[in-house]
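Per chain, numbering begins at 1; letters A, B, ... match sequence-line order. These values consider heavy atoms only, across backbone and side chains, with no hydrogens, waters or symmetry-generated copies.
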Number of protein chains: 2
Amino acid sequence: MEGSSLRPGQGAARAANGARRRPPAGRRAEVREANETAILAAAEAVFAEYGFHGATTAMIAERAGLPKANLHYYFGTKEALYKAVLENILALWLAPVRNFTDESDPAQALADYIALKIEYTRTRPQASRIFASELIAGAPQILDYLSHELRQVVEEKSRVVRRWIADGKIGPVEPVHLFVTIWAMTQTYADFAVQIAAIQGKEALDDGDFEAAKRFITAMVLKGIGVKGAG
Amino acid sequence: MEGSSLRPGQGAARAANGARRRPPAGRRAEVREANETAILAAAEAVFAEYGFHGATTAMIAERAGLPKANLHYYFGTKEALYKAVLENILALWLAPVRNFTDESDPAQALADYIALKIEYTRTRPQASRIFASELIAGAPQILDYLSHELRQVVEEKSRVVRRWIADGKIGPVEPVHLFVTIWAMTQTYADFAVQIAAIQGKEALDDGDFEAAKRFITAMVLKGIGVKGAG
DNA sequence: GCGAACCTTGACCAACTGGTCAAGTTTTGT
DNA sequence: ACAAAACTTGACCAGTTGGTCAAGGTTCGC
């Protein structure tokens, strides 16, 4: 019963990696990719707005412009679709930390990192919110990822920070808390944007808010952890 | 049809304010208070773990040790119960900002505020998560509160900060961003605790983590915004 | 050209959920 | 003591939702 020739299920898991531009691809593959992309985009929007439980596959399908049965053909279950969305988000989330290397200058590296994080927050607030909801719920889907891949990356980057400290380039701080608070400060402008807007009497944040946030956070962090030759 | 003598509905809205210890109170009132408290506590736990949509009134009732119908008798609808829980949380959330006055010394006031926020985060992580979820969802239930009560408080406290700046007690910073980032940094230790634990190879955060967080945040903020006579 | 694989979709369904209700029990005021 | 008000609760229900399915269309490999 499982060995049938049908091919539903995990389809778009592949769309998560960088394997874009395959060979010309027949019409079939083209349509498949277009549909998967449409569904993933719709799912991101709906999951961000209503949360996993609040979202319905009917909403997502409608937003993607496809029948609900079609969505289930591509992704199987709501949960599988949610996982596919999360995978894309995790890749996005982790990208900025890459240019955080031994050689880099603390002031520059931190400023760049904060700038990238704020940019992520500004351009992909929905992604940020889905990630946040997942964490608040206890990370049922990504706990494994957090305690392995992410943990490893953090440890690696922590070593960079400790080197900076040893070299007297910054004051003595616990690297993990530095990372955690940078994530928190930047992401708050996506996740809790309504609150920040509301207390300013605005309906939504604008580019100026993000620019000011970036400046404020950068200045406070650089000065706060004693980066030499900053602020 | 509405003028019946029954008395279901908004019951516990009152439990939110500080009107504890009423006169001896008959058995009736006693039971009512006990039940409302049990339901609110159960609701807080369940809403925090599953979110508004993921939570069911049956779960909450079971956790409270009461039949579901009884829960609906006291609070009417799931949404009304949720609002009651939120009201309690808002009061908790806002309390720490109170001792933020003109006369206070910046270093002391900020350190105290951060300490209280971290304490809230440590002792009431569920409350923090519910509040966070509500904001991520766009604050459908509390937008009004945010743009009036909270906004007013923030403006009032912003004046205090601007006074400090004018008096040369701290560097020039935008008060709103200062508050927002303090909220973000402290709350992240409740809302995203799984993540912080995971990257450290732990199952959960312990008191030491909160202590370290408090120290780190306090040090970075005080130094970062140039509080005279600090770090 | 043709059969097999793949895709599309309206109709359908079982499970769950918030909420109701009526019948009964307990407490309260007088 | 007794009636009115308040509380309790098992049974019930209508609406919603994730997911299935069968029948029909389209594309692909050869």
- prompt: dT17(C) phosphate, OP1 or OP2: any side-chain N/O from Thr56(B) under 4.0 angstrom?
  reply: no
- request: State whether Tyr73(B) places a side-chain N or O below 4.0 Å from either non-bridging phosphate oxygen (OP1 or OP2) of dT8(D).
  value: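 Checking dT8(D) against Tyr73(B), no side-chain N or O comes under 4.0 Å of OP1 or OP2.
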field: Which residues share a side chain to side chain donor-acceptor pair (under 3.5 Å) with Tyr82(A), sequence neighbours left out
entry: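 If we apply the side chain to side chain donor-acceptor pair (under 3.5 Å) test to Tyr82(A), skipping adjacent residues, the hits are Glu134(A).
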- prompt: With Trp93(A), which residues qualify under side chain to side chain donor-acceptor pair (under 3.5 Å), at least two apart?
  reply: none
Just the rounded figure in Å: distance from [atom2] of [N] to [atom1] of [X].
X	N	atom1	atom2	value
Leu66(A)	dT8(C)	CG	C1'	10 Å
Asn35(B)	dT9(D)	CG	C1'	13 Å
Leu71(B)	dG18(C)	CG	P	10 Å
Met59(B)	dG18(C)	CE	P	9 Å
Glu62(A)	dG18(D)	CD	P	14 Å
Lys78(B)	dG15(D)	NZ	C1'	14 Å
Ile60(A)	dT16(D)	CD1	P	18 Å
Asn70(B)	dA22(C)	CG	P	18 Å

query: Please walk me through it: do Phe100(A) and Phe179(A) pass ring-ring contact (aromatic ring centres under 6.0 Å, His included)?
result: CA-CA 12 Å; Phe100(A) 218 99; Phe179(A) 288 122; 5.6 Å; yes
query: Charged N to carboxylate O under 4.0 angstrom, Glu155(B) versus Arg159(B)?
result: no
- prompt: So how far is it from Leu40(A) CG to Tyr74(A) OH, rounded to the nearest 0.5 Å?
  reply: 11.5 Å
Distance, nearest 0.5 Å, that separates CZ of Arg32(B) from CZ of Arg28(B): 9.5 Å
- prompt: How does DNA chain D look in dot-bracket notation if pairs are Watson-Crick or G-U with both distances under 3.5 Å, crossing ones as [ ], other-strand ones as |?
  reply: ||||||||||||||||||||||||||||||
- prompt: Does the side chain of Asp191(B) reach to within under 4.5 Å of the side chain of Leu135(A), using non-hydrogen atoms?
  reply: no
Output a table of donor-acceptor pairs, distance under 3.5 Å, between side-chain atoms of residues 208-217 of chain B and any protein atom two or more places apart or on a different chain; print 'none' if there are none.
| from | atom 1 | to | atom 2 | distance (Å) |
| --- | --- | --- | --- | --- |
| Asp209(B) | OD1 | Lys202(B) | NZ | 2.9 |
| Asp209(B) | OD2 | Lys202(B) | NZ | 2.7 |
| Asp209(B) | OD2 | Asp206(B) | N | 2.9 |

Just list the side-chain donor-acceptor pairs under 3.5 Å for residues 41-64 of chain B, sequence neighbours left out, or say none.
| from | atom 1 | to | atom 2 | distance (Å) |
| --- | --- | --- | --- | --- |
| Glu44(B) | OE1 | Arg124(B) | NH2 | 3.0 |
| Glu44(B) | OE2 | Arg124(B) | NH2 | 3.0 |
| Thr56(B) | OG1 | Met59(B) | N | 3.0 |

query: Contact class for Ala55(B) vs. all strands (heavy atom < 4.0 Å): base, sugar-phosphate, or nothing?
result: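 Touches sugar-phosphate only.
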message: What does the B/S/- profile of nucleotides 20-30 of chain D look like, 5' to 3', with a 4.0 Å heavy-atom cutoff to protein?
response: BB---BBBS--
